[in-house]
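One structure is given here, and the rest of the page talks about it.
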Amino acid sequence: MCLQHLRARLSPDEQLAAEKSFALYCKPVELYNIIQRRAVKNTAFIQRSLLYKIQARRKKRIQITISLSGSTNTHAQNIFPLYVLLARPTSNITLEGHSPIYRFSRVCLLTSFSEFGNKDKTEATFIIPDLKTLSTSCACNLSIILISCGQIGQIVGEDNCSGNYVEGSSLQKLEGKCSWGKIATNLLASSLEKCVTLSAGETVDLVSTVTMSPSFLEPKFLEQDNCLTFCSHKVDATGSYQLKVCISAEEAGARDLSLSPYSNYSYNDVPLSILPEIIRLRSGNVIFNYKYYNNTMQKTEVTEDFSCPFCLVRCGSFKGLGCHLNSSHDLFHFEFWVSEECQAVNVSLKADAWKTELLAEGVDPRHQTFSYRSRFKKRRRLVTKAEKFRHVRSHFMEPGSHEDAHAGSEDDYVQRENGLSVADASVDPSHAVHGSNLSPPTVLQFGKSRKLSVERSDPRNRQLLQKRQFFHSHRAQPMAMEQVFSDHDSEDEVDDDIADFEDRRMLDDFVDVTKDEKLIMHMWNSFVRKQRVLADGHIPWACEAFSRCHGQQLVQNPALLWGWRFFMIKLWNHSLLDARTMNACNIILQGYQDGSLGPK
């Protein structure tokens with residue numbers, strides 16, 4: 001890196017403050033380095049499967065256009081119709097007098113020279129791999145095959161043509177005598193490598209001489225797997241001739257490349273000896289300007305091959321680099337700009353990107369409780385109805401007694417506030433005494449209710465409560481009797497209705513958020529509070545459970561559905577949600593849309 005701007009004019013204190021300002025980049029960069037090291041062994045996704053990388057590779061492929069010129073083929077006669085195929089041999093084993101068996105995928109038809117007729121009938125266009133891929137053993141077997149059936153005197157398969165593309169089934173009528181030749185793509189690639197302007201987006205024109213040899217097209221291979229082969233034993237080998245084939249080659253993304261001002265740079269002053277290297281280095285160079293000290297100073301770094309400066313991932317294109325930076329390094333703010341001289345990115349720290357956690361005074365974070373949820377679900381043991389009432393302690397009271405009357409009072413056990421009361425008593429019919437007026441056995445089931453009041457409880461109730469064991473609702477620790485009868489709530493019990501009301505009131509304060517975005521925020525906040533989603537490891541389970549719980553409501557409101565999906569993408573950006581869980585949530589939502597899933 002090189003230091004720029006105002007460094008010489010700063011005082012020693014200002015220089016120290018500037019260095020501290022730049023040091024704020026260290027923690028986010030260190031965090032991304034840790035994530036990168038972990039991703040080596042536990043990869044979240046495959047880099048080559050990213051859409052922008054696939055598009056960058058496709059733009060590097062070579063588009064070739066084949067045509068014939070009448071001025072260079074004056075001695076050739078009866079060469080039309082001419083079929084052009086892109087094929088690959090199925091094996092390296094050949095029989096004597098036979099060519100290899102070629103498998104083809106698409107056929108183009110030429111009916112005249114390039115000086116006559118329209119382009120659909122005079123040119124054949126194919127897409128072949130890029131120059132680097134063509135040098136491999138698999139791609140170098142590709143060949144461009146030319147088949148002339150001029151002696152037949154008619155265009156075979158004319159009814160099955162779409163432009164100049166011919167269906168493979170129509171070639172079955174070509175069986176018999178013909179002339180054929182081929183152009184090996186590896187030889188074509190060696191010629192294109194010498195053309196230094198190809199990678200700059202310019203078109204390269206070549207002329208190749210092809211020897212057309214008389215042969216016999218075997219019919220049996222055309223009927224299966226789009227394969228063909230030629231036999232030279234059945235024809236006279238003295239009628240061979242040569243064709244001058246015009247080939248125009250350019251990168252498939254040359255048109256998109258010409259739209260960028262960075263590609264309009266002129267290389268007229270660059271010597272030809274170093275021109276290829278200059279073009280290669282310049283095409284992938286990106287300048288990163290790191291702003292600091294209130295954006296008055298910057299340090300500059302240059303990367304090659306559209307590489308990320310934080311994790312060194314090659315992104316394939318400037319657009320792909322932008323996608324990678326915004327999705328994987330959102331602790332920084334990026335500004336992208338392109339000129340004729342350079343491709344640059346201005347990097348600055350987000351103001352609220354790095355906040356420290358606030359702890360209460362005197363609290364050791366190592367002693368704080370945390371929740372853990374195992375990924376493996378344990379099988380629950382089925383409990384029979386008889387077992388449910390095995391531990392019920394029956395308390396019989398004489399009818400008409402003071403205890404019987406007092407038991408029917410609604411204020412003996414729990415205050416009825418806001419509609420909250422003790423749950424209904426569970427009665428086992430097998431234990432009921434037939435023909436008597438004895439009250440049924442009763443068991444108190446305290447749910448999420450208010451605390452007991454000492455003033456409204458009598459000694460009998462206090463004695464009953466002392467026989468039970470109570471636990472803290474948050475920590476699951478045993479409670480002392482003093483804590484049970486105390487008016488002090490040490491755990492700040494949460495009322496869901498009040499919490500929902502306060503959450504809605506807080507969300508209403510946001511003015512730059514839509515109504516549907518506020519609703520999805522409220523639904524998620526209410527869900528995680530009721531399900532006690534406390535740790536990062538709970539998030540994948542919570543997203544699937546949320547999709548199942550609110551799936552019907554989400555699919556009925558498209559804006560709400562997209563708000564949920566954007567929220568999942570944000571969780572994925574922070575490495576809280578993996579791609580597999582996100583896919584599972586989308587499958588659940590798709591099931592609700594298709595009607596295969598319903599409310600449960």
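All figures in this text were calculated on a predicted structure; none of them were measured in a lab.
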>> Can you tell me if Arg504 has over 12 outside heavy atoms packed within less than 6.0 Å of its CZ?
In response: no
>> Quick check for you: to the nearest 0.5 Å, what is the distance between Asn42 atom CG and Ile35 atom CD1?
In response: 12.5 Å
>> For Leu86 versus Ile127, what's the shortest heavy-atom pair and its separation?
In response: CD2-O, 4.0 Å
> Has the side chain of Asn583 got a donor or acceptor atom that lies under 3.5 Å from a matching backbone atom of Ala579?
Replying inline: no
>> Using side-chain contact (heavy atoms from CB on, under 4.5 Å), reason through Arg88 and Arg103 one step at a time and then give a plain yes or no.
In response: CA-CA 6 Å; Arg88 177 184 282 112; Arg103 175 177 284 111; 5.9 Å; no
> Going through the distances and angles, do Phe22 and Met297 end up as a side-chain contact (heavy atoms from CB on, under 4.5 Å)?
Replying inline: CA-CA 9 Å; Phe22 183 74; Met297 302 182 68; over 6 Å; no
> What heavy-atom pair brings Ile62 and Glu251 nearest, and what distance separates the two atoms?
Replying inline: CD1-CG, 4.2 Å
> Does the pair Ile520 and Phe566 meet the rule for a side-chain contact (heavy atoms from CB on, under 4.5 Å), with working shown?
Replying inline: CA-CA 11 Å; Ile520 195 67; Phe566 284 138; over 6 Å; no
>> Using modelled atom types and a 3.5 Å cut-off, is there a donor and acceptor pairing between side-chain atoms of Thr43 and backbone atoms of Ala39?
In response: yes
> Does some side-chain heavy atom of Asn557 sit less than 4.5 Å from a side-chain heavy atom of Asp516?
Replying inline: yes
> Do you know the tightest heavy-atom contact between His333 and Lys350?
Replying inline: N-CG, 4.1 Å
> Which value, rounded to the nearest 0.5 Å, describes the distance between Phe567 atom CZ and Met521 atom CE?
Replying inline: 8.5 Å
>> Using side-chain contact (heavy atoms from CB on, under 4.5 Å), reason through Lys291 and Asn346 one step at a time and then give a plain yes or no.
In response: CA-CA 7 Å; Lys291 304 287 185 178; Asn346 292 336; 4.1 Å; yes
> Minimum heavy-atom separation for Thr581 to Pro540, with atom names?
Replying inline: CG2-O, 3.4 Å
> Do you know the tightest heavy-atom contact between Tyr262 and Cys342?
Replying inline: CE1-CA, 3.4 Å
> Going by distance alone, is a donor N or O of one side chain under 3.5 Å from an acceptor N or O of the other, for Asp330 and Asn573?
Replying inline: no
> Are side-chain heavy atoms of Val533 and Ile539 found at a separation under 4.5 Å?
Replying inline: yes
> Are Asn186 and Leu134 side-chain neighbours, meaning at least one heavy-atom pair lies under 4.5 Å?
Replying inline: no
> Within a strict 4.5 Å, meaning less than it, do heavy atoms of the Leu560 and Leu519 side chains meet?
Replying inline: yes
>> So if I apply the side-chain contact (heavy atoms from CB on, under 4.5 Å) rule between Val286 and each of Thr303, Asp305, Val338, which one comes out positive?
In response: Thr303
>> Side chains of Tyr592 and Gln556, heavy atoms from C-beta outward: is any pair under 4.5 Å?
In response: no
>> Can you confirm whether Val313 sits close enough to Ser307 that some side-chain heavy atom of one is under 4.5 Å from a side-chain heavy atom of the other?
In response: no
>> So, using side chain to side chain donor-acceptor pair (under 3.5 Å) as the criterion, who are the partners of Ser526 when residues are at least two apart?
In response: Asp500
>> Checking Phe527 now: which residues fulfil ring-ring contact (aromatic ring centres under 6.0 Å, His included) with it, not counting sequence neighbours?
In response: Phe546
>> With a 3.5 Å distance limit and no angle check, can you tell me whether Ser21 reaches the backbone of Ala17 through a side-chain donor-acceptor pair?
In response: no
>> Could you tell me if Arg57 sits above the aromatic ring of Tyr52, with its cationic atom closer than 6.0 Å to the ring centre and no more than 45 degrees from the axis?
In response: no
> Parallel, tilted or perpendicular for Tyr290 and Phe288, by the 30°/60° rule?
Replying inline: parallel
> Would you find a donor on one side and an acceptor on the other, under 3.5 Å apart, between the side chain of Glu301 and the backbone of Pro309?
Replying inline: no
>> If you compare all heavy atoms of Asp508 against all heavy atoms of Lys518, which two are closest, and at what distance to 0.1 Å?
In response: O-NZ, 3.8 Å
> What's the verdict on side-chain hydrogen bond (donor to acceptor under 3.5 Å, both in side chains) for Gln590 and Asn586, showing C-alpha distance, side-chain angles and the deciding distance?
Replying inline: CA-CA 6 Å; Gln590 186 66 34; Asn586 286 322; over 6 Å; no
> Measuring from Lys53:NZ to Arg314:CZ, what's the distance to the nearest 0.5 Å?
Replying inline: 9.0 Å
Under 3.5 Å, which donor-acceptor pairs do the side chains of residues 316-327 form with other protein atoms, sequence neighbours left out?
{"residue": "Ser317", "atom": "OG", "partner": "Gly320", "partner atom": "N", "Å": "3.1"}
{"residue": "His324", "atom": "NE2", "partner": "His329", "partner atom": "NE2", "Å": "3.3"}
{"residue": "Asn326", "atom": "ND2", "partner": "Gly322", "partner atom": "O", "Å": "3.1"}
{"residue": "Ser327", "atom": "OG", "partner": "Cys323", "partner atom": "O", "Å": "2.7"}
{"residue": "Ser327", "atom": "OG", "partner": "His324", "partner atom": "O", "Å": "3.3"}

>> I need the Ile587 CD1 to Asp594 CG distance, nearest 0.5 Å.
In response: 11.5 Å
> Roughly how far apart are Cys311 SG and Arg37 CZ, rounded to 0.5 Å?
Replying inline: 13.0 Å
> So does Glu30 have more than 12 non-hydrogen atoms from other groups sitting under 6.0 Å from CD?
Replying inline: no
> Counting distance only, does the side-chain N/O of Tyr292 pair as donor-acceptor with the main-chain N or O of Lys20 below 3.5 Å?
Replying inline: no
>> To the nearest 0.5 Å, what is the distance between CG on Leu561 and CG on Leu554?
In response: 6.0 Å
> Okay, side chain of Asn33, backbone of Val29: is any donor-acceptor separation there less than 3.5 Å?
Replying inline: yes
> Is the closest side-chain heavy-atom distance between Phe332 and Leu349 below 4.5 Å?
Replying inline: yes
> Do Cys585 and Met568 come within less than 4.5 Å of each other through their side chains, counting heavy atoms only?
Replying inline: yes
> Can you tell me if Glu517 uses its side chain to pair, donor with acceptor, with the backbone of Thr514 under 3.5 Å?
Replying inline: yes
> Has Asn295 got more than 12 heavy atoms of other residues, nucleotides or ligands less than 6.0 Å from its CG?
Replying inline: yes
